[in-house]
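As the structure is a computational prediction, the values presented were derived from the model and not from experiment.
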Amino acid sequence: AAASMAAKPQIQAYVMGTPPDPSKVQPYPGVSTRYLPHEALYIHTKNLRKEQRQQGETLAQRQWFKDHHRRRREEAKIEDIVKKWRSRSVPNLASPSGRLA
């Protein structure tokens, strides 16, 4: 009797319509289906290469990397100075001559 009183789960789903015809599905995004398969593949690979070439070539990105490398070099110099300062021999200040008695 208790099982019949339990709440029934509601499942929310999206209805996106009927799926497209598999023969008309675009195998390469951004390339028209009017091209032959080998032509579409060629166009798609050219588009991918163009996208890869354009990555990292903006002026802002080049400037950021240049500034980043400069900052890293400056930090390395400062770290070396600090290491040298900390590793120097410090005389014993307990005795006037600097030696242990």
Side-chain donor-acceptor distances from residues 76-83 under 3.5 Å, at least two apart:
none

Is a side-chain donor-acceptor pair under 3.5 Å present for Q63 with D67?
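Checked: D67/Q63 side chains pair up, N/O donor to acceptor below 3.5 Å.
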Measure the spacing between CZ of R88 and CZ of R86 and express it to the nearest 0.5 Å.
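The CZ atom of R86 is 10.5 Å from CZ of R88, to the nearest 0.5 Å.
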Which other residues end up in the same hydrophobic cluster as Y14, if Ile, Leu, Val, Met, Phe, Trp and Tyr are linked when side-chain heavy atoms come under 4.5 Å apart?
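For the cluster that includes Y14, the remaining residues are M16.
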Please report, to 0.1 Å, the donor-acceptor pairs under 3.5 Å made by any side chain of residues 29-42, with sequence neighbours excluded.
{"from": "S32", "atom 1": "OG", "to": "R34", "atom 2": "N", "distance (Å)": "3.2"}
{"from": "S32", "atom 1": "OG", "to": "R34", "atom 2": "NE", "distance (Å)": "3.4"}
{"from": "E39", "atom 1": "OE1", "to": "L36", "atom 2": "N", "distance (Å)": "3.0"}

I'd like to know if the side chain of R62 and the backbone of L59 have a donor-acceptor N/O pair within less than 3.5 Å.
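Flag not set: sc R62 to bb L59 has no pair under 3.5 Å.
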R72 CZ: over 12 foreign heavy atoms closer than 6.0 Å:
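Atom CZ in R72 is not packed in, count stays at 12 or less.
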For H68, give me all partners under ring pair (Phe, Tyr, Trp, His ring centres under 6.0 Å), at least two apart in sequence or on another chain.
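For H68 the ring pair (Phe, Tyr, Trp, His ring centres under 6.0 Å) partners, ignoring immediate neighbours, are W64.
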Looking at residues at least two apart in the chain, or sitting in another chain, which of them share a side-chain hydrogen bond (donor to acceptor under 3.5 Å, both in side chains) with E75?
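None.
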Just to verify, what does E74 make a salt bridge (charged side-chain N to carboxylate O under 4.0 Å, His left out) with, not counting sequence neighbours?
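Counting only residues at least two positions away or on another chain, E74 forms a salt bridge (charged side-chain N to carboxylate O under 4.0 Å, His left out) with R70.
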